[in-house]
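Step one of this worksheet: look at the structure below.
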Amino acid sequence: MTRRRMVLSGFGVASALALALAGCATPAGTGGTGGATTEPAPAPDASAPVTVEVDAAWLDDGRSIGIVTQGSSTCIPMAEEPTFADGVLTVTLVEPENTACTRDLVPRVSLVGVPEGVDPAEDLDIVVTGEGYQGEVELDGVTGLAGPGGETQYAPSAGWTDTDGQFVILTWGSSSCPPVFQEVVATGPAEVTATVEEPPADQVCTMDMAPRAAVLVVDGVEADDGVELVLTGSPEFADVRTPILGSN
């Protein structure tokens with residue numbers, strides 16, 4: 001912004017002072033031009049939600065969306081049943097109760113099932129609300145996805161967010177033994193390799209089949225829908241390959 005200063009001297013200063021004093025001397029409420037009063041600014045609404053940044057990514061062939069927010073890595077919010085109306089997907093996130101949360105601040109993923117009526121080939125406006133906050137993001141459409149309905153294949157999937165180099169990966173397996181990623185690197189112009197740490201031999205895992213989502217970041221590759229993700233390192237993910245959906 002350019003600020004202009006005006007310098008007055010001699011008669012100009014005296015005239016300016018006289019005009020200012022004349023304006024101040026006009027009693028309020030007499031109809032004079034100098035009688036305007038200044039009202040106090042309204043107090044800010046303490047109940048208004050705080051605007052936060054959110055990201056999103058297509059997963060599971062368009063059957064799911066990963067909502068990325070910032071917060072404690074051990075207290076990932078759960079998504080309630082989303083609603084879709086007038087081209088807008090509204091998602092409410094609920095914080096876990098009775099849980100001791102670490103005080104770190106990291107990107108974490110809340111999984112949302114895509115409701116009927118959403119076409120993954122079209123850009124999707126998403127409104128995310130939570131306890132005291134709200135955020136919006138536009139998720140670019142991706143052609144060729146199955147979309148809502150139908151059964152998952154329980155196969156790994158991944159999707160780019162709008163943040164440079166950031167993508168979400170979804171795997172299926174024991175909820176108590178999610179994969180731990182040691183390294184994520186670009187191993188070609190259109191290939192990203194993520195090395196999964198082998199679990200300890202004495203680790204006890206539940207026998208359920210649950211979705212596990214994580215946020216990964218890679219440098220040195222152009223983020224578009226032609227990039228393939230290769231998983232390696234753990235016998236559970238021996239040379240698994242899946243496209244990273246979308247672009248950023």
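Computed over heavy atoms, backbone and side chain alike; hydrogens, waters and symmetry mates excluded.
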task: Check for a donor-acceptor pair, side chain of Trp58 on one end and backbone N or O of Asp140 on the other, with a separation under 3.5 Å.
output: yes
query: For Val94 and Glu80, which heavy atoms make the closest approach, and how far apart are they?
result: CG2-OE2, 3.3 Å
query: How about Gln70: does its CD atom have over 12 heavy atoms from other parts shown lying under 6.0 Å from it?
result: yes
task: Give a yes or no answer on whether the side chain of Ser72 reaches the backbone of Thr102 with a donor-acceptor pair at less than 3.5 Å.
output: yes
- request: With sequence neighbours excluded, tell me which residues meet salt bridge (Lys or Arg N to Asp or Glu O under 4.0 Å) with Glu136.
  value: none
- prompt: Does Gln203 CD have over 12 foreign heavy atoms under 6.0 Å away?
  reply: yes
- line: When every non-hydrogen atom of Val215 is compared with those of Pro107, the smallest separation belongs to CG2-O, 3.9 Å
task: Say whether, by atom type as modelled, one donor and one acceptor occur between the side chain of Asp119 and the main chain of Ala121 under 3.5 angstrom.
output: yes
- prompt: Do Ser176 side-chain atoms and Thr206 backbone N/O form a donor-acceptor pair below 3.5 Å?
  reply: yes
- request: Decide yes or no for Leu59 and Leu111: does some side-chain heavy atom of the first lie under 4.5 Å from some side-chain heavy atom of the second?
  value: yes
query: Have Thr232 and Thr195 got a donor and an acceptor in their side chains that come within less than 3.5 Å?
result: no
field: Side-chain donor/acceptor of Thr242 to backbone N/O of Pro156, under 3.5 Å
entry: yes
query: Which is it for Thr163 and Asp55 under the side chain to side chain donor-acceptor pair (under 3.5 Å) test, yes or no, and what are the steps along the way?
result: CA-CA 7 Å; Thr163 299; Asp55 272 317; 2.6 Å; yes
message: Taking Ser73's backbone N and O only, do any of them form a donor-acceptor pair with Asp104's side chain (distance below 3.5 Å, no angle check)?
response: yes
- prompt: When you check the side-chain N and O atoms of Thr69 and Arg108, is any donor under 3.5 Å from an acceptor?
  reply: yes
- prompt: CG of Asp219: more than 12 outside heavy atoms within 6.0 angstrom?
  reply: no
- prompt: Do side-chain atoms of Arg241 reach the backbone of Leu229 as a donor and acceptor pair under 3.5 angstrom?
  reply: no
- prompt: Among side-chain atoms of Asp60 and Ser157, is any donor-acceptor pair under 3.5 angstrom?
  reply: no
field: Any donor-acceptor pair under 3.5 Å from Ser110 side chain to Pro77 backbone
entry: yes
task: Say whether, by atom type as modelled, one donor and one acceptor occur between the side chain of Asp123 and the main chain of Gly141 under 3.5 angstrom.
output: yes
query: If we ignore angles and hydrogens, is there a donor and acceptor under 3.5 Å between the side chains of Thr129 and Gln134?
result: no
query: Salt bridge between Glu116 and Arg63, side-chain N to carboxylate O under 4.0 Å?
result: no
task: Identify, with sequence neighbours excluded, every residue that meets side chain to side chain donor-acceptor pair (under 3.5 Å) alongside Ser234.
output: none
field: Whether Trp160 side chain and Ala57 backbone form a donor-acceptor pair below 3.5 Å
entry: no
